[in-house]
Amino acid sequence: MQLYNTLARSKQEFVPIVPGKVGIYCCGPTVYNFAHIGNLRTYIFEDILRRTLRFSGLEVRHVMNITDVGHLESDADEGEDKMEKGARREGLSVWDLARKYEAAWLADMTALNIERPEVICRATEHVAEMIALTERLVERGFAYAAPGAVYFDTSRFGSYAELARLDLSGMQAGAGGRVGVVGEKRHPNDFVLWFLDRPKHLMQWDSPWGRGYPGWHVECSAMSMKYLGETFDIHCGGIDHIPVHHTNEIAQSEAATGKPFVRYWLHGEFLIIGKQDADDDDAYTKMSKSSDNFITVSVVKERGFDPLSYRFLCLMAHYRSELKFTWENLESAQQGLRRVYAQRSGPDPLENDSAYEDARGEVARALYDDLNTPNAVGLLSRYGSDRLWQEFDAVLGLGIAQRRLEREEPLPEEITQLIAARNEARKAKEWAKSDALRDEIISKGYEVGDGPQGTTVKPRIL
RNA sequence: GGAGCCGUACCCAAGUGGUUAAGGGAGAGGUCUGCAAAACCUCUAUUCAGCGGUUCGAUCCCGCUCGGCUCCUCCA
């Protein structure tokens, strides 16, 4: 299988460290608000990754974190903590807030048919591991304590920013806030491992340096290495994590262990959405929690869409491409999915076993080519084989078999009576009456069709 | 200021240095139907933002221009 590795900026053949097994770590949600569908796009991509790896015969161990310790607005501090801001907004404790949105996030994952990772770990339950990692860094001379925090010393880590290929000197010249505030830090890019002296912060723990709380990046290093080992196969996340979060994860992990941290880094692109102030129809922007283009799974449902239609929309674009979201596009995805679910009449076009194997190989190759789901879906559509769709649904996760079953369920008594009444009216050529009855059946969620073999009524799916 | 990405039909979106530029949606026509719906069949880019260059040949490689996006700051 070929996967695009951000470290190499190219596709590479995936070779697991332990034959037959693969360890994956994915950056999970910060639970201070609902996830929007842009966030969820990344989890869908990661789900496709894990399912494809498993389809290829590997045993998958997938770890995802829940960030339930607040992040400050920036390492430079001053800003307001998101968790605390959310808690105040909703009149909940920070702990209750985190649990509330963790549950909401899990529900979204379920609605989108995203498989549960083997390990879901909360940052607040791994503070000891984070402290241990920080101690290790201090011992090895990669971290230093100042009055306000323990910092990672980026100057001591030679390959810092290799992943992002950042031009640190260029950044110094820039006007960005990140390099503007040095304060007690020794170098502009140094980042916090452990915050100290923040009496107002609601979540605090004791540490060798005093009471405080962990910096953001350290949780992913501590938890991924705990569950997957000091060197593991794949680390995923959104493309925005490359320059800071993942760069810092690599630095602190490798500095602590002296070993390579991760072999393959995979990053998902953004979902983009038309700008609100649309003087230009071609202007798109990423979805974000702070602006008004915030669309959640609930909003998708309220608009009459099945969450799986959104999943299907995501599959129709490659994970490393920006995907333009509009309600019209979601509608077209839902219509397409409806036809995938609909029972096809006639024989399977791939009756012949060798033809089936050829087609199967072609679809599998598309998926093994850096998870090319749009290509795979295109091939499945072209072949039009139920059997093939159902086999690859193990990867696509559209729940095809279940929907098919729902369509075959026996009709309720109420509906069969309406059908009988309509058939009588039709026999008597009372068209107005029969059409009214048909409308009634349709309004109850069924499709009605009259063919040479008589009338067929099935539940409408989607 | 620095780094990088993208621009394929009405919409979304794969793809390739050279035989017919996937697929989905929408649209058009047809089969079926009392009429519909669904399903099925057929059709819909001589062309891949524009202009140059490399090449026997470029949508795919290079350069420039235009347009859009992201990162450098919490962010999927």
Side-chain angles (χ1 to χ4, degrees), chain A residues 9 26-30 35-46 70-76 79-82 161 164-181 189 216 236-245 267-272 275 280 282-290 312-313 315-318 320-326 328-340 342-346 366 372-382 384 426 429 431 434-435 438-439 442 446-452 455-456 458 460:
Chain A
R9 296 291 196 276
C26 297
C27 292
T30 303
H36 59 63
I37 59 175
N39 301 131
L40 265 1
R41 181 189 181 195
T42 299
Y43 305 127
I44 290 171
F45 137 60
E46 290 157 354
H71 292 175
L72 288 187
E73 296 289 337
S74 77
D75 284 349
E80 193 174 16
D81 184 283
K82 286 180 176 178
R165 303 191 176 178
L166 294 177
D167 177 358
L168 297 174
S169 59
M171 286 166 58
Q172 314 244 3
R178 183 178 178 204
V179 295
V181 182
N189 293 294
W216 171 38
C236 303
I239 195 168
D240 52 315
H241 282 328
I242 296 170
V244 180
H245 183 51
H267 293 97
E269 253 292 358
F270 282 131
L271 180 77
I272 56 175
K275 282 184 176 167
D280 183 348
D282 292 327
Y284 283 81
T285 186
K286 65 175 182 172
M287 188 168 287
S288 79
K289 289 182 180 176
S290 53
F312 192 54
L313 178 66
L315 299 187
M316 293 202 303
H318 192 265
R320 281 191 293 112
S321 296
E322 285 177 340
L323 171 59
K324 292 178 193 167
F325 179 85
T326 61
E328 189 188 0
N329 293 159
L330 185 57
E331 176 63 50
S332 79
Q334 174 143 305
Q335 184 61 20
L337 185 58
R338 187 176 282 142
R339 287 184 180 149
V340 172
Q343 201 84 49
R344 277 150 220 268
S345 53
N372 195 333
T373 52
N375 194 188
V377 168
L379 289 166
L380 289 169
S381 296
R382 187 141 60 80
R426 293 188 71 217
K429 296 195 191 294
W431 304 128
S434 87
D435 287 352
R438 178 169 62 194
D439 288 344
I442 289 171
Y446 293 83
E447 288 170 1
V448 180
D450 303 315
T455 297
T456 56
K458 287 186 176 185
R460 181 181 169 87

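Order of the sequence lines sets the chain letters (A, B, ...), proteins ahead of strands, with each chain counted from 1.
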Return the value, rounded to whole Å, for the distance between atom CD1 of A:I442 and atom C1' of B:A38.
-> 10 Å

Tell me which nucleotide among B:C72, B:A76, B:G34 gets nearest to the side chain of A:W431.
-> B:G34

Rounded to whole angstroms, how far apart are CG on A:L323 and C1' on B:C11?
-> 12 Å

State whether A:R426 and A:D450 are salt-bridged, where the test is any N-O pair (Lys NZ or Arg NE/NH1/NH2 against Asp/Glu carboxylate O) under 4.0 Å.
-> yes

Once you round to the nearest 0.5 Å, how far does CG of A:L313 lie from CD1 of A:I44?
-> 9.0 Å

Read 5' to 3' with Watson-Crick or G-U pairs under 3.5 Å, [ ] for crossing pairs and | for partners on another strand, RNA chain B gives (((((((..(((.....[....))).(((((.......))))).....(((((..]....))))))))))))....

Which is true for A:R438 with a 4.0 Å heavy-atom rule: it touches a base, it touches only sugar-phosphate, or it touches nothing?
-> base

Give the nucleotide from the list B:C35, B:A38, B:A76 with an atom nearest to the side chain of A:D435.
-> B:C35

Distances under 3.5 Å only, N/O to N/O: pair up the protein atoms with those of nucleotides 19-24 of chain B.
unit_1	atom_1	unit_2	atom_2	d
B:A22	O2'	A:R382	NE	3.1
B:G23	O2'	A:S381	OG	3.1

Name the closest nucleotide to the A:M287 side chain, picking from B:A76, B:C69, B:G34.
-> B:A76

Over how many whole Å does the gap from A:H245 atom NE2 to B:C71 atom P extend?
-> 16 Å

The answer to which of A:I37 and A:L313 contacts RNA chain B further toward the 5' end, by nearest nucleotide, is A:L313

Which is true for A:G268 with a 4.0 Å heavy-atom rule: it touches a base, it touches only sugar-phosphate, or it touches nothing?
-> nothing

Write down the distance between NZ (A:K324) and P (B:C6), rounded to a whole number of angstrom.
-> 13 Å

Could you list all N or O pairs between the protein and nucleotides 30-32 of chain B that sit under 3.5 Å apart?
none

Integer-rounded Å distance: B:G4 C1' and A:H267 NE2 = 14 Å

Would you please name every residue forming a salt bridge (charged side-chain N to carboxylate O under 4.0 Å, His left out) with A:D435, sequence neighbours left out?
-> A:R438

A:I242 CD1 to B:C69 P, in whole Å, measures 20 Å

Take atom CD of A:E269 and atom P of B:C69, then tell me their distance rounded to the nearest Å.
-> 13 Å

note: A:N372, atom CG; B:A14, atom C1'; distance rounded to Å ~ 6 Å

Tell me, do A:E269 and A:H318 make a side-chain contact under 4.5 Å, heavy atoms counted?
-> no

Taking all heavy atoms of A:E46 and all of A:C236, pick out the closest pair and write down the distance.
-> OE2-CB, 3.5 Å

ring-ring contact (aromatic ring centres under 6.0 Å, His included) partners for A:F312, two or more places apart | none

What nucleotide, of B:A14, B:A76, B:C72, holds the atom closest to the side chain of A:K286?
-> B:A76

Under 3.5 Å, N/O pairs linking protein and nucleotides 47-49 of chain B:
none

When the nearest nucleotide of RNA chain B is assigned to A:A164 and to A:I272 on a heavy-atom basis, which residue is associated with the more 5' position?
-> A:A164

When you get a sec, tell me which of B:A14, B:A76, B:G34 is the closest nucleotide to the side chain of A:S434?
-> B:G34

